[in-house]
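First the proteins, then the strands, lettered A, B, ... as listed; each starts at 1. The analysis underlying the following values was restricted to heavy atoms, covering all of them including side chains, and did not include hydrogens, waters or symmetry mates.
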Number of protein chains: 2
Amino acid sequence: MGATKTDHFTDKHNAIATLAKALGHPARVAIIDYLLSVDTCICGDIVNKLPLAQPTVSQHLKELKNAGLIKGNIEGNAICYCIDEKAIVRLQTYFSGISGKLEKKKTDCC
Amino acid sequence: MGATKTDHFTDKHNAIATLAKALGHPARVAIIDYLLSVDTCICGDIVNKLPLAQPTVSQHLKELKNAGLIKGNIEGNAICYCIDEKAIVRLQTYFSGISGKLEKKKTDCC
DNA sequence: ACTTAATATTGCAATATTACGATAAATATA
DNA sequence: TATATTTATCGTAATATTGCAATATTAAGT
């Protein structure tokens, strides 16, 4: 089939999966990394930093935006993309939550 | 084409993407959640907790294992799966790193 | 209005993922 | 050894993703 059965899972699980999926491609991780490294947000040169054609980069940016990881503003004939801190914090909280629970368990049977 | 150009990205970006991709499906997030909630690691009943058939669950477990998020041991005719703490810590560190850098920047132009 | 520059969209081919029925493999128990 | 139980694998259909050339859109400058 190929279609994920999102209906059958909790909102929380779907939300984490959506964010994680958006970062499930090295190009998109690289984009986040790049956005983090630049001070100015005129980000047209992301294309130059990646080994991908412009339409492909544009598509990756769209996916990051749809997932809520980045936000963008039109800025003349350039676009300003920024990381959306809320999404990062959500992921950070999620993983530190798991980490904390694992510490408490300490039944490392495997 | 459909094939990710992993060759062209850094190992760090590929590593994060691999972990994130593994969590890019609600069923796999749910599996992690479940593994976290049980004390005993006899995990055959993951199938009962998910709205998916047994082969599908088995496949998701395999992907989580390949990505390094869980590890498993054969335990009689049951399998014991556990979360691999190292992977969680790696993700936690990654996201808190981003969060920290964002705090320092504070050039939220979008 | 015309041109230039930057980004987005469309269309399409190649590949990957998701899901499951059928079946196999492995192990425990009778 | 035969049977039940549990997990894995195979085969296959449906859908999604990735990547890019061609084209469209948008806004700035001339």
Side-chain angles (χ1 to χ4, degrees), chain A residues 1-9 13-14 17-18 20-31 34-35 38 40-67 70-82 110, chain B residues 1-9 13-14 17-31 34-35 40-67 70-82 110:
Chain A
M1 320 215 158
T4 297
K5 291 179 151 186
T6 45
D7 299 353
H8 302 292
F9 300 100
H13 292 164
N14 279 319
T18 298
K21 190 176 187 178
L23 285 170
H25 192 293
R28 296 195 286 267
V29 177
I31 288 172
Y34 177 72
L35 288 180
V38 289
T40 162
C41 277
I42 296 109
C43 301
D45 32 18
I46 295 177
V47 174
N48 300 322
K49 296 283 172 183
L50 295 183
L52 296 170
Q54 180 268 324
T56 308
V57 173
S58 184
Q59 201 172 275
H60 282 307
L61 284 166
K62 192 180 180 184
E63 270 168 76
L64 284 169
K65 197 174 181 184
N66 284 343
I70 64 175
K71 38 189 180 168
N73 268 352
I74 292 168
E75 190 106 344
N77 60 348
I79 297 272
C80 156
Y81 278 119
C82 286
C110 302
Chain B
M1 317 211 162
T4 298
K5 290 178 151 187
T6 44
D7 298 354
H8 303 292
F9 300 99
H13 291 163
N14 279 319
T18 298
L19 290 173
K21 190 176 187 178
L23 284 170
H25 192 292
R28 295 195 287 265
V29 178
I31 288 172
Y34 178 72
L35 288 181
T40 161
C41 277
I42 296 110
C43 300
D45 32 18
I46 295 176
V47 174
N48 300 322
K49 297 282 173 182
L50 294 183
L52 296 171
Q54 180 267 325
T56 309
V57 173
S58 184
Q59 202 172 275
H60 283 306
L61 285 166
K62 192 181 178 184
E63 270 168 77
L64 284 170
K65 196 174 180 184
N66 284 343
I70 63 175
K71 38 189 179 167
N73 268 352
I74 292 168
E75 189 107 345
N77 60 349
I79 295 271
C80 156
Y81 278 119
C82 284
C110 302

* Could you state the CG-P distance from Leu23(A) to dT17(D), rounded to the nearest angstrom? -> 15 Å
* **Nucleotide dC20(D), atom P - distance to CG of Leu61(A) in whole Å** => 14 Å
* Asked: Taking all atoms of both residues into account, what is the closest heavy-atom pair of Leu35(B) and Cys82(B), and its distance?
  -> CD1-C, 4.3 Å
* So, the side chain of Ser58(B) versus the backbone of Gln54(B): is there a donor-acceptor pair under 3.5 Å, distance only? -> no
* Asked: Any side-chain N or O of Tyr81(A) under 4.0 Å from OP1/OP2 of dA6(C)?
  -> no
* How close or far is atom P of dT7(D) from atom NE2 of His60(B), stated in whole angstroms? -> 16 Å
* Could you check if a side-chain atom of His60(B) sits within less than 4.5 angstrom of a side-chain atom of Leu52(B), using non-hydrogen atoms only? => yes
* With sugar-phosphate meaning primed atoms plus P, OP1 and OP2, does Ser58(A) contact a base, only sugar-phosphate, or nothing at under 4.0 Å between heavy atoms? -> base
* Go through dC20(D), dA8(C), dT18(C) for me and flag the one nearest to the Thr4(A) side chain. => dT18(C)
* Taking CD from Gln59(A) and P from dT10(C), how many angstroms apart are they, rounded to a whole number? -> 11 Å
* Asked: Quick one: Gln54(B) CD to dA22(C) C1', roughly how many Å, whole number?
  -> 11 Å
* Write down the atom of Ala67(B), the atom of Thr18(B), and the distance for their closest heavy-atom approach. => CB-O, 4.0 Å
* Euclidean distance, atom NZ of residue Lys49(A) to atom P of dT7(C) [Å, nearest integer] -> 15 Å
* Send over the distance from Leu52(A) CG to dA21(D) C1', rounded to a whole Å. => 15 Å
* Structure fact -> Of the listed dT18(C), dT15(C), dA8(D), the closest approach to the Ile79(B) side chain comes from dA8(D)
* Selected nucleotide, minimal atom distance to His25(A) side chain, candidates dT9(C), dA19(C), dG19(D) -> dG19(D)
* To do: With sequence neighbours left out, write down each residue that passes side chain to side chain donor-acceptor pair (under 3.5 Å) with His13(B), or none if nothing qualifies.
  => Asp33(A), Thr10(B)
* To do: Give a yes/no answer on whether the side chain of Thr56(B) brings an N or O atom under 4.0 Å of OP1 or OP2 in dT18(C).
  => no
* On DNA chain C, nearest-nucleotide positions of Lys21(B) versus Pro55(B): which is more 5'? -> Lys21(B)
* Give a yes/no answer on whether the side chain of Lys62(B) brings an N or O atom under 4.0 Å of OP1 or OP2 in dT7(D). => no
* **Rounded distance (Å) that lies between atom C1' of dA19(C) and atom NE2 of His8(A)** => 11 Å
* To do: Mind checking Lys65(B) for me? I need base, sugar-phosphate or nothing, with any heavy atom below 4.0 Å counting as a touch.
  => nothing
